[in-house]
Amino acid sequence: MSANVKLFSLAPVGWKFPADRDGLIFTPGQFFLVGRWGVGEAPFGGASSPFEKGSIEIGVRKAGNVTAALHQLARGDEMTIRGPYGNGYPLDFFKGKDVVMVTGGCGIPPIATLIEYIIARRELFGRVYLLYGALTPDDLLFEERYKHWEKHIKVILTVDKPTPDWKGHIGLVSELTREIKIDPVNTATAMCGPGPMAAALENILRPLGIADRRIFVSEERKMSCGIGKCQHCTTGDKYVCTDGPVFYYDQVQSNWD
Amino acid sequence: MPRVISKNHIPNLLIHLKKSHDVFAPMEKEGEVVFGNVEDPTKVLLNYKTTLLPPKIYFLPPEEELFKVTNGRVQEEQLNNKFVVFGLSRKDLEAIVYLDQIMNKKPADTFYLNRRRAVTLIGVSEEEVGVPPGGDLILEKISDRYYRTLALTKKGKKIADLEFFEEKEINHKAKSHEATSKLDQILLDSELIARAIEWSRENYRQIWEHLGRVCLGCGICTYVCPLCYCTSTEDKTSFDQTVCSRCRKWDACTLPGFAKIAGGHNFRPTQAARYFNWFYHKFVRAYKEFGRAQCVACHRCQRYCPAGIDIEKVLEEIINAFQKAEPERKF
């Protein structure tokens, strides 16, 4: 997908992932613990369409032992997966509203799956925006999906360091909120990105009239057990694995760790 | 008439139990009291202060293989025979009951619960038990020679029905409680502790900064704690790479990399932040989750901390500072 991010498609052999009554195999925003025997496992947000029963896609940034080992795998190699865990974006709340999705760099996988969900049920949503920023054009992930997404939603991209052929925006993703037209009292915002991005957005979304309870953020921690026991993913009095990873903004904004 | 067992019969009971179970009990080893496999029942201690490691080692072992993969074939952890842990103190039983509650909370920890189902817990108390904290059977000392049985489950009743026990009227009574420690008294008000710790994060930072400098970040306090249960999942591979296992190991939130994520960002980058989190979990997050502090005042962390940190004194200082700063709260 980029210099250090690879897309993996995990397909069970001889069976399919089970779907719920709405046909979803997971809720956008939920995560899986994916790994390889002998190496270990790490948490990843599902990135593919949640309606796809044959496989689950995850984006893997080479950053540690597990991800480095996964990067060495070849097509057809075996991996382990368990999940889905945690709470995803509250889809019923999003229905009937304008939706603004804001993300940066490799925070996009949970947003990508949310976009796939929205496109599959497009008539249920109002105006839908994706505001996506990265350091360089090469760091913008899921490039091959943009054409398809643009047919259904407004995709606005920005980079910090443009290449000479870059035609999109330059600067922080928080500045892109100027490009959107929304009805603030009927808008839901989905965010997935680093803390400073969330803080910058808070200062922009609030003056636009979007209340904290309409902003949903996905938190990143090193989930190990996935069932609220091992304590690795705690933030304040919350467990990211079972209370999140998607939170109302006001649930986590004041957390210190 | 109460069912009692004579002190002389206890080794015979253990020999009998050993025929069908692995039996673990406290005994002395290199100057410390530790739980171990009972080989010589006369070496089992009935009257001791605390063991070094708590009995959680039998339900949440320092390292366990959850899955084993041999030449591509996956096998879930197989538990061996049923086993008995004998000679548990009241505080350790109390901690096990709380740990059960934690592990039973959905989504439940099935590996822990499988081990718990395989065990029979027998407590021994040199003083009066009062409200039995838990376990299957408790032996309460009522005279120099006799222990009274308190059977709390079917498993415990079955043991109390064995021929080593007899029905006997004893005119002695169990020794009443020794004076409880200051920490026991502090723990009576979990809510006050939770409020004080939460308040101290911003309003009494000096204590955390101080403890951050004193704490060596070794994790011993969490390993000896009967109610600490942080773990990490890690894989192990045999030398020839034919066998690998997915293991769960004890971890400690006071270790430097505990809250680190891929790419290197650490959500608790300082020892002060990590040490605070240890307290925050025990006394605030636990209180919000289960309504009670996760401490039974066994004093192991204080006894084994190489830096000499005494949580009783730390709690006392924070609560005093909190009450002084927020006098409007009626205590």
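Residue numbers begin at 1 in each chain, while the letters A, B, ... track the order of the sequences. Here the structure is a predicted model, which is why all the values come from computation and not from measurement.
What you find for B:Y229 and A:Q231 is that their closest heavy atoms are OH-NE2, 3.5 Å. Nearest heavy-atom pair across A:V39 and B:D235 is N-OD2, 3.3 Å. Across B:G263 and A:A63, no two heavy atoms sit closer than the pair N-CB, 3.6 Å.
Contact of B:N266 with chain A is not made at all, since no heavy-atom distance falls under 4.5 Å. Contact annotation for B:V74: only side-chain heavy atoms (C-beta onward) come within less than 4.5 Å of a heavy atom of chain A. For a residue to count as touching a neighbouring chain, one of its non-hydrogen atoms must lie under 4.5 Å from one of that chain's; by this rule B:Y280 touches chain A with the side chain only. No part of B:E198 comes within reach of chain A, as not one of its non-hydrogen atoms sits under 4.5 angstrom from that chain. The contact between A:E220 and chain B is made by backbone and side chain atoms together, counting heavy-atom distances below 4.5 Å. Neither the backbone nor the side chain of B:C253 comes within less than 4.5 Å of any heavy atom in chain A. Of the atoms belonging to B:R201, it is side-chain heavy atoms, and not backbone ones, that fall under 4.5 Å from chain A. Only the backbone of B:A108 comes within contact range of chain A, with at least one heavy atom under 4.5 Å from a heavy atom of that chain. Only the side chain of B:V69 comes within contact range of chain A, with at least one heavy atom under 4.5 Å from a heavy atom of that chain. Of the atoms belonging to B:F276, it is side-chain heavy atoms, and not backbone ones, that fall under 4.5 Å from chain A.
Between chain B and the residues A:T235, A:N65, A:I227, A:T67, the largest count of heavy-atom pairs under 4.5 Å involves A:I227. Listed options B:V243, B:V284, B:D251 were ranked by heavy-atom pairs under 4.5 angstrom with chain A; first place goes to B:D251. When each of A:P43, A:S224, A:A42 is scored by its heavy-atom pairs under 4.5 Å with chain B, the top score falls to A:S224.
The distance from the OG1 atom of A:T242 to the NZ atom of B:K105 is 6.5 Å, given to the nearest 0.5 Å.
A salt bridge links A:D257 and B:R268; the closest N-O separation between the charged side-chain nitrogens and carboxylate oxygens is under 4.0 Å. A salt bridge links B:K288 with A:D237: the closest approach of a Lys/Arg side-chain nitrogen to an acidic carboxylate oxygen falls below 4.0 angstrom.
A side-chain donor-acceptor contact under 3.5 Å links A:K229 to the backbone of B:P107. A donor-acceptor pair under 3.5 Å links the side-chain atoms of B:R285 to the main chain of A:G236, judged by distance alone. Under a 3.5 Å cut-off, the side chain of B:T231 and the backbone N or O of A:C230 do not form any donor-acceptor pair.
Side-chain contact, A:T80 with B:R246: a donor N or O sits under 3.5 Å from an acceptor N or O. Counted by atom type alone, A:H232 and B:S232 present one or more donor-acceptor pairs between their side chains at under 3.5 Å.
By the neighbour-count criterion of 12 heavy atoms within 6.0 Å, atom CD of A:E143 is sparsely surrounded, having that number or fewer from other residues, nucleotides or ligands.
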Audit row: A:Y239, B:E289, side-chain contact (heavy atoms from CB on, under 4.5 Å) steps and yes/no: CA-CA 11 Å; A:Y239 291 83; B:E289 208 180 343; 2.8 Å; yes

Chi angles and distances behind the side-chain contact (heavy atoms from CB on, under 4.5 Å) call for A:T234, B:H281: CA-CA 9 Å; A:T234 57; B:H281 178 214; over 6 Å; no

